[in-house]
Amino acid sequence: MTRVLVVDDEPQIVRALVINLKARKYEVDSAADGATALKLAAERHPDVVVLDLGLPDIDGVDVIKGLRGWTRVPIIVLSARHTSDEKVEALDAGADDYVTKPFGMDELLARLRAAVRRAEPLGGGEDDVVVVETEGFTVDLAAKKVHREGRDVRLTPTEWHLLEVLVRNGGRLVSQKQLLQEVWGPSYGTETNYLRVYMAQLRRKLETDPSHPRHFVTEPGMGYRFER
C-alpha cells in the first residue's frame, strides 16, 4: 500500500487530504511543521510527500533540501506562493511537481498517482530504462537514437542532450535553470531564449502537432515536462 506524508499547517487542508487519500486506500501520515515532517519521513519512509512551503518553523524549501540529502522520494509542493521565482526555487531544491492553492482535489490526486508511478521503476537506477516509447516516436537512450515513422530522426548534439534530460525525468517538471545548466553548462541559468529555440526545434521534429505539443509540455515561468 502506498504511504503518503502530508505536510501542512492548515488543519482543514490536512483533514481533506487525509479523508480523500484514505478513501482511495492510501496510508497517510501528517505533520504540521517541518521538523515533524523530517522526523516522520525518516521513520516511516513515505512513497510520496505532499508539502506546503509556508510552514511555521522551517521553510518548505529547506525541508525539500533536508529530504534530498538522503532520499529521492517524490515531493509534490502544495503552496499558496504564486510567483515564478518561488516555484523555481522549490523545483531547483528538488521538488518533483508544484500545485498552487487553491487546488482541485482531482488534479492533485492525479499528479500524486503520476509521481508514484514514475518512482516505481527506478529501484535499480534510472539507467535501466533505455528505450522510451510514445505513440509517435521512440527514444533509445543507450544508442542515442530517435525513431519516428520507421526512420531515424536527425538531432543535433544539443537537441539530443535536451531530449535526454527531459526523457530521463519523464513526467517530472524540470526547471529552466536545471535544463540550461545540464545542457549548456553551470555558468548558464538565465538564457531562457535558448530553451525556447531548441524546444521549438524538438517539437517540429517529434510532435504530431508542434503548435499543440503533447509530449514536450511547457509549464509557464517554471520549466518543461516530458509526457509519454
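Between Val139 and Thr134 the shortest side-chain heavy-atom distance does not fall below 4.5 Å. The side-chain heavy atoms of Arg203 and Thr218, taken from C-beta on, include a pair separated by under 4.5 Å.
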Exercise for the section: Just do the salt bridge (charged side-chain N to carboxylate O under 4.0 Å, His left out) check on Lys87 and Glu219 with the steps written out, would you? Expected result: CA-CA 11 Å; Lys87 293 177 181 179; Glu219 295 282 358; over 6 Å; no
Handout entry: Audit row: Leu108, Leu17, side-chain contact (heavy atoms from CB on, under 4.5 Å) steps and yes/no
Key = CA-CA 10 Å; Leu108 177 62; Leu17 284 170; 3.3 Å; yes
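For the atom pair CZ (Arg225) and CG (Leu173), the distance works out to 5.0 Å, reported to the nearest 0.5 Å. Distance check: Ser175 OG to Gln181 CD gives 8.0 Å after rounding to the nearest 0.5 Å. Atom CD1 of Ile64 sits about 11.0 Å away from atom CG of Leu38, to the nearest 0.5 Å. To the nearest 0.5 angstrom, Leu202 atom CG is 5.5 Å from Phe216 atom CZ.
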Distance-only check: which donor-acceptor pairs under 3.5 Å involve side-chain atoms of residues 141-150, not counting sequence neighbours?
residue: His147; atom: ND1; partner: Asp152; partner atom: OD1; Å: 2.6
residue: Arg148; atom: NH1; partner: Lys205; partner atom: O; Å: 2.8
residue: Arg148; atom: NH2; partner: Glu207; partner atom: O; Å: 3.3

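Ionic pairing of Arg68 and Asp96 is present here: one or more N-O contacts between side-chain nitrogen and carboxylate oxygen are shorter than 4.0 angstrom.
Applying the 6.0 Å contact sphere to NZ of Lys22 captures no more than 12 heavy atoms from other residues, nucleotides or ligands. At most 12 non-hydrogen atoms from other residues, nucleotides or ligands lie less than 6.0 angstrom from CD of Glu135.
Judged by distance alone, with hydrogens and angles left aside, the side-chain atoms of Arg111 form a donor-acceptor pair with the main-chain N or O of Tyr98 at under 3.5 Å. In this structure a side-chain-to-backbone donor-acceptor pair under 3.5 Å is missing from Asp97 to Ile76. Between the side chain of Asp57 and the backbone N or O of Ala35 there is at least one donor-acceptor pair closer than 3.5 Å.
In this pair, Tyr194 and Tyr188 present their aromatic rings tilted. The plane angle is within the 30 to 60° band. Using cut-offs of 30° and 60° for the angle between ring planes, the Phe137 and His215 rings count as perpendicular.
Using a 4.5 Å cut-off between side-chain heavy atoms of Ile, Leu, Val, Met, Phe, Trp and Tyr, with links allowed through other members, Ile13 and Ile19 fall into different hydrophobic clusters. Note on Val217 and Leu195: separate hydrophobic clusters, where clusters join Ile, Leu, Val, Met, Phe, Trp and Tyr whose side-chain heavy atoms are under 4.5 Å apart, directly or indirectly.
Closest heavy-atom contact between Leu40 and Ala31: CD1-CB, 4.1 Å. Of all heavy-atom pairs between Ala41 and Pro46, the closest is O-CD, 3.6 Å. In this structure, Pro74 and Asp47 approach most closely via the heavy-atom pair CD-O, 3.2 Å. Closest approach of Lys65 and Ala93 over heavy atoms only: CG-CB, 4.0 Å. Nearest approach of Val63 to Gly34, heavy atoms of both residues: CG2-CA, 3.8 Å. What you find for Arg172 and Leu91 is that their closest heavy atoms are NH2-O, 4.4 Å.
When the options Val14, Leu112, Val7 are evaluated for a side chain to side chain contact (heavy atoms under 4.5 Å, CB included) with Val50, the one that passes is Leu112.
Every residue was checked against the salt bridge (charged side-chain N to carboxylate O under 4.0 Å, His left out) condition with Glu191, not counting sequence neighbours, and none meets it.
Applying the ring pair (Phe, Tyr, Trp, His ring centres under 6.0 Å) test to residues at least two apart or on different chains, the pairs with a partner in residues 45-70 are His45-Trp70.
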